Amino acid sequence: MAHERIKPEFLFDDEKIKQLKQIAPECFEDGKLNFETLRQNLGNWAQDEEDGDLEHFGLFWPGKKDARRLASIPPEGTLEPVYGQGLKSDGTPDDDSVNDSKNIFIEGENLEVLKILQKSYANKIKMIYIDPPYNTGNDFVYDDDFTEPLQEYLRRTGQIDEEGKPLTTNKKSDGRFHSKWLTMIYPRLRLARNLLKEDGVIFVSIDNNEVHNLRAVMNEVFGEENFISCVANINNPKGRSDDKYIATSHEYVLIFKKSDLSFYGWEPEEKVIKRYNKTDEDGAVYREIDLRKTGDADRKEDRESMFYYFYYNEETGDFFPSKDKMDLTGYIEIIPLRADNSLGRWRWELNTAKNNITQIFPKLMPTRKIWGVMEKDYLTDEKRVKPTSSWTQKWANSERGTEQFVELGFDKRVFKNPKPIGFIQAILQMATSDNDIILDFFAGSGSSAHALYDLEINEKKNRKIIQVQYPEPLNKDDETQKYAYEFCKDHSLAFNISEITKERIRRVISKVESNEGFKCFKLSSSNYRKWKDIQSEDVLRLESSLDLFNSSPLREDWNNNKLLTELILLEGFPLDASQAKSQIGTNEIVKVESEMVPNTLLICLDDEIEESLIDQLELDNSSTFICLDSAISNQNKLRLSDKGLIKTI
Ligand SMILES: C[S@@+](CC[C@H](N)C(=O)[O-])C[C@H]1O[C@@H](n2cnc3c(N)ncnc32)[C@H](O)[C@@H]1O
């Protein structure tokens, strides 16, 4: 007997390759593993690169390595709650810091924000919609500084040192025009993918400037096999007259899934819904359709097994199908008769008719005066239609977006080309369902929040949205920004775009009378000291900084609410986690809970933890107590750790 070939243990079989593709789709290009990408992603785990040229298929641009590095640098910042700008669910401002809303607005640079959200929202987002700058040559593309991303952000937004200076636009003549855009979008997509649920999906609006590059980048980040469609969204049916040869009438929506997509399609159009004109005793809507097959292959001989008899007793209501012809007194015999009275066939097999007898009923056809069988065809979720790859509906037209913005009392020049809310509602409808979380990290004027608040009024699916918008400074001397600047001046708002976003959300909530509210956060520096803060040439200063660092990892200017949010995020809780305050003795404890996390946090940031708290605090194996290290003695730490998990800062 021949020996079976011994397989080396390290051999990768199809299953292992599939798993590797799931973990790192960006390492596969054209179906083949790209060792170079894998090596870079492995960081210190990989051996040094061997000499030699590697030739392979894929998208390359100068700066790709930096783009990868950008995605893997850990965040430096945190999110800080902002009070007085959001709305509570009753529509009143949240000045007093109590806001139970599930919708979140984050003012900040989205790369850093996406990093901060990684722990709490990994595999939690059902749908991402983004409308990034299209790279037209006139729009602002964020120029990431990968040595000091947060410091650069704080400087640009005027939060440290100098005033926030206007950002440069990515001009076609600048050189590296596409590369710069790709370096911007790549790390954001990588981080966005981590946040998607396994059955989640991302939609990206884009136009001819970058659609080809974006598709290649998304193939790399999401895996080619997860490509769903590149939709032609007819946003300008008349076409752009200033195009030289062909007047462009559409832009694109690139759609990729993460893995096993749950997709719901669209509700049928109004004219189709109208055909469902009957209501049964339970209030369900249906239409009557003939059980006889019509159209092609409708003769008995086309499917003999689908020709059988129904018997109906008008007096007793008894009604049943039968393979054989029967001779029953008092019963009407019903067979499928074609229009020329020749023998036809039913649409269902005999067994289907038996098993679904309550769905069908006999009916005397008013014109033909013969008995037939009708099916009660209900308007269920399965009736949803599969969207096509070109969206020509009125809601796709970008003029609608501007009209909807103006209907909220804004001058149309305040924000150029807001997306139509019907367009965003169409994608919300096909990709989301009850309790789903939606993310838009290029929020602009806040059209996606508008679309969701409006949709929730009728559908009430308890969906939530997280939006991120850069506080892009407004320059009163810039032709395109001066109207937004004037708007902010007239409404006593700070001079940046995220103020417009928040104002729009507030106006939408009041217009549609939503009781959802929203909570505001902003990107800010961490409450924790950083190693580089204590670097110094002066040995004495260095020593005293080190002492400080050892005595408390917190910066001197840390504050309670900000640290609470930072801890919530570091512990993997979402931004809408409930925070219930209670008192034990003089100590205040905040209990943090969320349906997204199985455990509970109990946080006390007081300077001193009293004996009464040690005695009375109840901890179980699903709760963690967090307090300042300096606030509790070692002995009391031991006493508490007998009760459960404790962490000190
Ligand atoms: C094309 S607009 C989005 C428009 C939006 N869909 C609407 O309907 O209003 C892109 C937005 O992304 C913002 N943006 C660009 N780079 C960003 C970044 N790195 N972080 C956060 N926001 C950014 C810009 O300020 C701009 O408002």
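Atoms within each ligand, like the ligands themselves, are counted from 1 in listed order. Keep in mind that this is a model prediction, so the values were computed, not measured. One-based numbering along the sequence shown.
- Under the salt bridge (charged side-chain N to carboxylate O under 4.0 Å, His left out) criterion, the residue pairs touching residues 231-241 are Arg240-Asp243, with sequence neighbours excluded.
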N/O to N/O under 3.5 Å, ligand 1 against protein:
{"from": "ligand 1", "atom 1": "6 (N)", "to": "Asp131", "atom 2": "OD2", "distance (Å)": "2.8"}
{"from": "ligand 1", "atom 1": "8 (O)", "to": "Lys419", "atom 2": "N", "distance (Å)": "2.8"}
{"from": "ligand 1", "atom 1": "8 (O)", "to": "Ser447", "atom 2": "OG", "distance (Å)": "2.5"}
{"from": "ligand 1", "atom 1": "9 (O)", "to": "Ser445", "atom 2": "N", "distance (Å)": "2.8"}
{"from": "ligand 1", "atom 1": "9 (O)", "to": "Ser445", "atom 2": "OG", "distance (Å)": "2.6"}
{"from": "ligand 1", "atom 1": "9 (O)", "to": "Ser447", "atom 2": "OG", "distance (Å)": "3.3"}
{"from": "ligand 1", "atom 1": "19 (N)", "to": "Glu109", "atom 2": "OE2", "distance (Å)": "2.8"}
{"from": "ligand 1", "atom 1": "19 (N)", "to": "Asn110", "atom 2": "OD1", "distance (Å)": "3.0"}
{"from": "ligand 1", "atom 1": "20 (N)", "to": "Asn110", "atom 2": "N", "distance (Å)": "2.9"}
{"from": "ligand 1", "atom 1": "20 (N)", "to": "Asn110", "atom 2": "OD1", "distance (Å)": "3.2"}
{"from": "ligand 1", "atom 1": "20 (N)", "to": "Asn110", "atom 2": "ND2", "distance (Å)": "3.2"}
{"from": "ligand 1", "atom 1": "22 (N)", "to": "Tyr470", "atom 2": "N", "distance (Å)": "3.2"}
{"from": "ligand 1", "atom 1": "25 (O)", "to": "Gln469", "atom 2": "NE2", "distance (Å)": "2.8"}
{"from": "ligand 1", "atom 1": "25 (O)", "to": "Glu472", "atom 2": "OE1", "distance (Å)": "2.5"}
{"from": "ligand 1", "atom 1": "27 (O)", "to": "Gln469", "atom 2": "OE1", "distance (Å)": "3.3"}
{"from": "ligand 1", "atom 1": "27 (O)", "to": "Gln469", "atom 2": "NE2", "distance (Å)": "3.3"}

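- Ring geometry for Tyr485 versus Phe495: interplanar angle under 30°, hence parallel rather than tilted (30 to 60°).
- Applying the salt bridge (charged side-chain N to carboxylate O under 4.0 Å, His left out) test to pairs two or more places apart or on separate chains, those with a residue in residues 119-131 are Asp131-Lys419.
- Across all non-hydrogen atoms, the minimal contact from Gln85 to Glu499 is OE1-OE2, 4.2 Å.
- Residue pairs satisfying the salt bridge (charged side-chain N to carboxylate O under 4.0 Å, His left out) criterion with at least one member in residues 449-461, sequence neighbours excluded, are listed as follows: Glu456-Arg463, Glu459-Arg463.
- Geometrically, Arg507 engages Phe410 in a cation-pi contact defined by less than 6.0 Å to the ring centre and at most 45° from the axis.
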